[in-house]
K.L.:
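Below are the structure tokens for one structure; questions will follow.
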Amino acid sequence: MTTTAPRPSCLLLDIGGVLELTPDTGWLPRWEERLGLAPGTVDDRLGEVWHAGSVGRVDEGEVRARVAAALRLDTPQLDAFMADLWDEYLGSPNVELLAYVRELTGRQDLRIGILSNSFVGAREREADRYRLDALVERPEHLVYSHETGILKPDPRAFATACTTLGVRPQDCLFVDDAAPNVEAARAAGLHAHLFRDNAGTLARIADHLRQGAAA
């Protein structure tokens, strides 16, 4: 008589607003004021660049070149502008949640993945600053939109993550701070939790793990 190994549970996490705390720093309005530009001008001029960087259609060198040209920045100004961009993007670590997830790594009954709408250059910076790469078993389990070309809430983003992790959608709990992404994950067959605070999120993850162990 053969026995079938139990299917692993899956925990799939967003980065910005979940693993990283990323409040608005006001850096764009400050730059618009510094450059004598009307409010909203930076996004108007660079909106296509922001999108291209989020789906991997440009590399970091092209981003820098297009930002410099659009805003007429010299090299020191460009370096400062990009530093401010990354300071807000990376935010600060959600220490409690990161510590909890680290304690889960290595469990044989759990696959941990990360699914992020991202920007070209994010993988290297988040690995260096927060070691997000250490939360997952394999590098490809950290699924970035700038590498896949697919942004949440596109259902293909969730399908890609589940396929990469080798799990069924119904075995996966997805955590995100954006309601449209949570709703899209549920429509794609995943369990999903809207991040509001650590207490509720930790309780929801623990409940998901208990249900997986009982299945």
K.L.:
What residues, two or more places apart in sequence or in another chain, satisfy ring pair (Phe, Tyr, Trp, His ring centres under 6.0 Å) together with Y89?
P.N.:
W86

K.L.:
Report yes if the side chains of L104 and L209 come closer than 4.5 Å at any heavy-atom pair, otherwise no.
P.N.:
yes

K.L.:
Answer yes if L165 and V18 sit in the same cluster of Ile, Leu, Val, Met, Phe, Trp and Tyr residues linked by side chain heavy atoms under 4.5 Å apart, and no otherwise.
P.N.:
no

K.L.:
Please name the residue in the list S116, S118, P139 that meets the side-chain contact (heavy atoms from CB on, under 4.5 Å) test with R123.
P.N.:
P139

K.L.:
If Ile, Leu, Val, Met, Phe, Trp and Tyr residues are connected whenever their side-chain heavy atoms lie under 4.5 Å apart, and connections chain through other members, are V175 and L135 in the same group?
P.N.:
yes

K.L.:
Please name the residue in the list T164, L13, L115, I114 that meets the side-chain contact (heavy atoms from CB on, under 4.5 Å) test with L142.
P.N.:
I114

K.L.:
Checking salt bridge (Lys or Arg N to Asp or Glu O under 4.0 Å) for the pair R131/D133: CA distance, chi angles, key distance, verdict?
P.N.:
CA-CA 5 Å; R131 290 304 314 276; D133 56 322; 3.2 Å; yes

K.L.:
Identify, with sequence neighbours excluded, every residue that meets side-chain hydrogen bond (donor to acceptor under 3.5 Å, both in side chains) alongside Y144.
P.N.:
E126

K.L.:
Under a single-linkage definition using a 4.5 Å side-chain heavy-atom cutoff for Ile, Leu, Val, Met, Phe, Trp and Tyr, are Y130 and F195 assigned to the same hydrophobic cluster?
P.N.:
yes

K.L.:
Flag yes if L202 and I15 sit in one hydrophobic cluster, no otherwise; membership is Ile, Leu, Val, Met, Phe, Trp, Tyr, and two members link when side-chain heavy atoms are under 4.5 Å apart.
P.N.:
yes

K.L.:
Should we say atom CZ of R129 is surrounded by more than 12 heavy atoms from elsewhere, each under 6.0 Å from it?
P.N.:
yes

K.L.:
Donor-acceptor pairs are to be reported for all side-chain atoms of residues 67-76 against protein atoms at under 3.5 Å, with residues two or more places apart or in another chain.
P.N.:
unit_1 : atom_1 : unit_2 : atom_2 : d
D74    : OD1    : Q77    : N      : 2.9

K.L.:
When you look at R186 and F174, which way does the side chain to side chain contact (heavy atoms under 4.5 Å, CB included) test go after all the steps?
P.N.:
CA-CA 9 Å; R186 289 175 179 151; F174 173 65; over 6 Å; no

K.L.:
Evaluate salt bridge (Lys or Arg N to Asp or Glu O under 4.0 Å) for D128 paired with R125, printing each intermediate quantity in order.
P.N.:
CA-CA 5 Å; D128 180 64; R125 287 172 174 82; over 6 Å; no

K.L.:
In this structure, are over 12 heavy atoms from other groups packed under 6.0 Å from E33 atom CD?
P.N.:
no

K.L.:
How long is the gap from CG on L11 to NE2 on H191, to the nearest 0.5 Å?
P.N.:
12.5 Å

K.L.:
Compare all side-chain heavy atoms of L190 with those of C162 and state whether any distance is below 4.5 angstrom.
P.N.:
yes

K.L.:
Would you say CZ of R57 has more than 12 non-hydrogen atoms from neighbouring residues, nucleotides or ligands within 6.0 angstrom?
P.N.:
no

K.L.:
Got E88 and D24 here, is their nearest side-chain heavy-atom distance under 4.5 Å?
P.N.:
yes

K.L.:
Rounded to the nearest 0.5 Å, what separates atom CG in L132 from atom CG in L98?
P.N.:
6.5 Å

K.L.:
Do R30 and W27 meet the cation-pi criteria used here (NZ or CZ under 6.0 Å from the six-membered ring centre, within 45° of the axis)?
P.N.:
no

K.L.:
Working to the nearest 0.5 Å, report the span between CD1 of I150 and OG of S145.
P.N.:
9.5 Å

